[in-house]
Amino acid sequence: MRKRNLLILAATMLVSVALHAQTVDEILDKNAAARGGWDKLRALKSYRMTGKMTLGGGMEAPLTLVKSRPENVRMEFSVQGMTGVQAYDGSTGWMVMPFMGKKEPEAISGDMLKDLQEQADFDGPMVDYKKKGNKVELLGKEEIEGTPAYKLKLTTKAGDETVVFVDADSFLEIKMQAKRKMQGQE
């Protein structure tokens with residue numbers, strides 16, 4: 001009888017834990033709510049993000065990303081006192097890379113264009129991810145600089161993977177990790 005009661009208690013605890021566990025869609029809904037809600041997000045016409053990009057060799061570059069609907073994106077980043085620019089207007093991509101000896105705008109193609117086209121998705125790859133053919137998986141929880149965060153793995157329709165960390169309290173993104181190919185190199 002005692003063994004049976006322990007089994008019932010254990011089963012009840014597992015059900016309770018399962019009921020309180022977050023699903024990917026619940027996390028994404030709470031993320032949208034933390035940013036103002038789905039209606040306000042879909043009403044945005046443009047936005048600007050700033051941050052830093054980690055390059056090979058542990059180098060960091062300040063980064064500014066500006067997006068506008070429907071598919072416009074402009075990214076500026078500084079390396080060794082020079083500013084590089086990549087932009088896409090929904091049909092054409094171009095760049096200026098002075099630290100690579102390219103001071104005049106030139107057309108972008110291949111992996112770089114593909115990356116800019118993905119970045120031009122104004123709402124991002126996790127909004128309506130199923131309709132876009134993307135996949136989002138919950139990999140569990142992890143601490144990021146002492147902050148508990150949900151670890152989400154985003155796989156785009158094209159097969160690119162990004163790990164997104166969402167603060168478990170505020171439900172805002174606090175870190176993203178991705179590898180991309182540029183000029184044939186990861």
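Sequence positions, counted from 1, serve as the residue numbers for this chain.
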| message | side chain to side chain contact (heavy atoms under 4.5 Å, CB included) for Q22 and K141? Distances and angles first, verdict last. | response | CA-CA 10 Å; Q22 299 288 320; K141 269 185 160 177; over 6 Å; no
Under the side chain to side chain contact (heavy atoms under 4.5 Å, CB included) criterion, do V85 and W94 qualify, and how do the steps go?
CA-CA 8 Å; V85 179; W94 60 271; 3.7 Å; yes
Steps toward side chain to side chain contact (heavy atoms under 4.5 Å, CB included) verdict (S68, V66) = CA-CA 7 Å; S68 63; V66 179; over 6 Å; no
Show your reasoning for whether side chain to side chain contact (heavy atoms under 4.5 Å, CB included) applies to M126 and L152. CA-CA 10 Å; M126 292 195 297; L152 303 175; 4.3 Å; yes
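Ring-plane geometry between F77 and F99 is classed as tilted, the angle between the planes lying from 30 to 60 degrees on a 0 to 90 degree scale.
In summary, D123 and R69 engage in a salt bridge, as defined by a charged side-chain N under 4.0 Å from a carboxylate O.
Of the residues K102, K103, E104, the one that meets the side-chain contact (heavy atoms from CB on, under 4.5 Å) test with E106 is K102.
Follow the hydrophobic side-chain contacts under 4.5 Å out from I174 and you never reach V24; the two are in separate clusters. Grouping the Ile, Leu, Val, Met, Phe, Trp and Tyr side chains by contacts below 4.5 angstrom, directly or via other members, places M100 with M112. M53 and Y47 fall within the same hydrophobic cluster, defined by Ile, Leu, Val, Met, Phe, Trp and Tyr side-chain heavy atoms under 4.5 Å apart, directly or through other members. Linking ILVMFWY side-chain heavy atoms closer than 4.5 Å, directly or via other members, places I144 and F171 in two distinct hydrophobic clusters. Note on M176 and V166: same hydrophobic cluster, where clusters join Ile, Leu, Val, Met, Phe, Trp and Tyr whose side-chain heavy atoms are under 4.5 Å apart, directly or indirectly.
Heavy-atom neighbours of E143 CD from other residues, nucleotides or ligands within 6.0 Å: above the threshold of 12.
Shortest non-hydrogen contact noted between L28 and W38 is O-CZ2, 3.8 Å. Here the closest non-hydrogen pair linking G90 and N72 is N-OD1, 4.1 Å. Closest heavy-atom contact between F122 and L44: CE2-O, 3.6 Å. Here the shortest heavy-atom pairing between T162 and A178 reads OG1-CB, 3.7 Å. Residues T23 and E26 come closest through the heavy atom pair N-OE1, 2.9 Å. Considering every non-hydrogen atom in both P98 and G84, the closest pair reads CD-CA, 4.1 Å.
In this structure, CD1 in I108 is found 4.5 Å from CG in L116, a value given to the nearest 0.5 Å. Separating the OG atom in S109 from the NZ atom in K114 is a distance of 13.0 Å, to the nearest 0.5 Å. Taking CE of M75 as the start and CG of L63 as the end, the distance is 6.0 Å to the nearest 0.5 Å. Rounding to the nearest 0.5 Å places CG of L65 at 10.0 Å from CD of Q86. Note that CG of D169 is 10.5 Å distant from NZ of K30, once rounded to the nearest 0.5 Å. The distance from atom CG of L172 to atom CG of N31, rounded to the nearest 0.5 Å, is 6.5 Å.
Using modelled atom types and a 3.5 Å distance limit, the side chains of Y129 and D25 yield a donor-acceptor pair. S78 and T83 share a donor-acceptor pair across their side chains, judged by distance under 3.5 Å alone.
With hydrogens and angles disregarded, a donor-acceptor distance shorter than 3.5 Å links the side chain of K132 to the backbone of V127. Put simply, the side chain of K153 never gets that close to the backbone of K135: no donor and acceptor are under 3.5 Å apart. Under a 3.5 Å cut-off, the side chain of D128 and the backbone N or O of K131 do not form any donor-acceptor pair. Checking side-chain atoms of N134 against main-chain N and O of K157 turns up a donor-acceptor pair under 3.5 Å.
Judged by the 6.0 Å distance and 45° axis criteria, K151 is not positioned over the aromatic ring of F165.
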